[in-house]
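Have a look at the structure below, then the notes.
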There are 2 protein chains.
Amino acid sequence: MTKKQQETAQNDVDESLAAQVVGTLPEWITQLIQINTLIANRMGVVATDFHCLHALHQDGPATASVLAGRVGLTPGSTSRMIDRLADAGCVKRVPDPGDRRRIVIEPTAEGLDRITTYYAGLTARTHGDLADFDDDQLRTLLRFVEAARDSAIAEVDRLRSAQPDE
Amino acid sequence: MTKKQQETAQNDVDESLAAQVVGTLPEWITQLIQINTLIANRMGVVATDFHCLHALHQDGPATASVLAGRVGLTPGSTSRMIDRLADAGCVKRVPDPGDRRRIVIEPTAEGLDRITTYYAGLTARTHGDLADFDDDQLRTLLRFVEAARDSAIAEVDRLRSAQPDE
DNA sequence: CGCAACAATTGCGCGACACAATCTAACGAG
DNA sequence: CTCGTTAGATTGTGTCGCGCAATTGTTGCG
């Protein structure tokens, strides 16, 4: 438990710590999913809609089909989802002048405001949690979070492309 | 950018780093939700069912009504969800000998196996990500993840209890 | 011995999603 | 220039999960 450990001991602790981190993540994820659902319901939309609004915010405006690929929905479901988000005033359909088949979906200022507003509670808590860490530690956290995000993206791609039961 | 900074400069960097972490989290969450949905579909159940199975795994067996409270569903929906999970062989209903009204839901070994199996991909990636950090850094990560999990739990409680539009 | 309270389960309607068909627009071949 | 093909978005149709309310079985209290 001291700071100076042999490599073996350190490896043991290392694995134990890593396992603890990995074990805590699902508990965290479970709660985050709950939060997303609760926030979406408050916005008068479904969790998927909120997810879509997130995707628009993060990766920028996109057409319906591209958006369908991002959130993992069929084009038909995406079209109706856009209807709901548009009715809620969160997104707007912008026809593409260059190609009249394409219709770009972009979030409205109101839609983006709602994301930050409804997320404010969790954001504040997270900032509070981060206040306990110094600069170097924050860099460590950022490095991990970014790596975990990239891993999650890779895992989504794998699950999407791989055949079921394989 | 050097290691010796005035307090003001350090605070600036600090806030910037914290903001980066906070900003990255939603992107991560979005992917994690996707993964949960994809995994659930592969298991032949809905995302909510998988969520419920998680809750059983984390907090132990529970009755239907308690479970309903954990996952945020009505008792009726919970009952049918248990039907689906039972059909899939992931949980079993165990009558309480002491109170014949109560029926305890507990995950089967097969159900727990499926969680670890389907999560194996992401778990492996996460372990790979964590391999880049030393012991002290892992402690930092663990501390943050646990704090974030607790904050998420607190936020769920807040959103549940608070009135809509407030 | 009723009678209220509790726990789990169904009857019912709403709505989100997948699948397939439809419609418009752009592109390419002759 | 015209027609067939492709791409993109939308709309019928069915399925199914969920919330709400009523029902059944069980416990405990007066």
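Chain naming here is simple, since letters A, B, ... match the order of the sequence lines and numbering starts at 1 in each. Quick caveat: nothing in here was measured; it's all calculated off a predicted structure.
- The shortest distance between the side-chain N/O atoms of Arg93(B) and the OP1/OP2 oxygens of dT9(C) is below 4.0 Å.
- Base contact: Ser79(A) has a heavy atom under 4.0 Å from a base atom.
- Remark: C1' of dT11(D) and CE of Met81(A) are 16 Å apart, rounded to the nearest angstrom.
- Neither side chain, Thr126(B) nor Thr123(B), offers a donor N or O lying under 3.5 Å from an acceptor on the other.
- Heavy-atom nearest nucleotides on DNA chain C were determined for Gly72(A) and for Pro97(A), and the one closer to the 5' end corresponds to Gly72(A).
- In terms of polar N and O atoms assigned as donor or acceptor, the side chain of Ser77(B) never comes within less than 3.5 Å of the base of dG17(D) in a complementary pairing.
- Checking the phosphate oxygens (OP1, OP2) of dA7(D), no side-chain nitrogen or oxygen of Arg102(A) falls inside 4.0 Å.
- A salt bridge links Asp136(A) and Arg139(A); the closest N-O separation between the charged side-chain nitrogens and carboxylate oxygens is under 4.0 Å.
- Contact annotation: Arg84(B) side-chain N/O to dC18(D) OP1/OP2 distance is under 4.0 Å.
- The residue among Asp99(A) and Thr48(B) whose nearest nucleotide of DNA chain D is located toward the 5' end is Asp99(A).
- Remark: aromatic rings of His57(B) and Phe50(B) are distant, center separation not under 6.0 Å.
- Atom C1' of nucleotide dC18(D) and atom CG of Leu73(B) are separated by 7 Å, given to the nearest angstrom.
- In this structure, Arg101(B) atom CZ and dT23(D) atom C1' are separated by 16 Å, rounded to whole Å.
- At a threshold of 4.0 angstrom between heavy atoms, the contacts of Thr78(A) with the nucleic acid are absent.
- Computed from coordinates, the Asp83(A) CG to dA9(D) P distance equals 13 Å when rounded to whole Å.
- Computed from coordinates, the Leu38(B) CG to dA18(C) P distance equals 11 Å when rounded to whole Å.
- For the OP1/OP2 pair of dC6(C) and a distance below 4.0 Å, the side-chain nitrogens and oxygens of Ser65(B) include no atom meeting the criterion.
- Distance Arg100(A) CZ to dC23(C) P: 19 Å, rounded to the nearest Å.
- Heavy atoms of Arg80(B) sit under 4.0 angstrom from at least one base atom.
- Among the protein residues, Thr63(A) comes within range of the sugar-phosphate backbone only, with heavy atoms under 4.0 Å from sugar or phosphate atoms but none that close to a base.
- Between Arg80(B) and Asp49(B) no salt bridge is recorded (no basic side-chain N to carboxylate O distance below 4.0 Å).
- For the pair Ile82(B) CD1 and dA7(C) C1', the computed distance is 11 Å after rounding to whole Å.
- When hydrophobic clusters are built by joining Ile, Leu, Val, Met, Phe, Trp and Tyr residues whose side-chain heavy atoms come closer than 4.5 Å, directly or via intermediates, Val145(A) is not grouped with Ile153(A).
- Distance, Asp96(A) CG to dG8(D) C1': 11 Å, rounded to whole Å.
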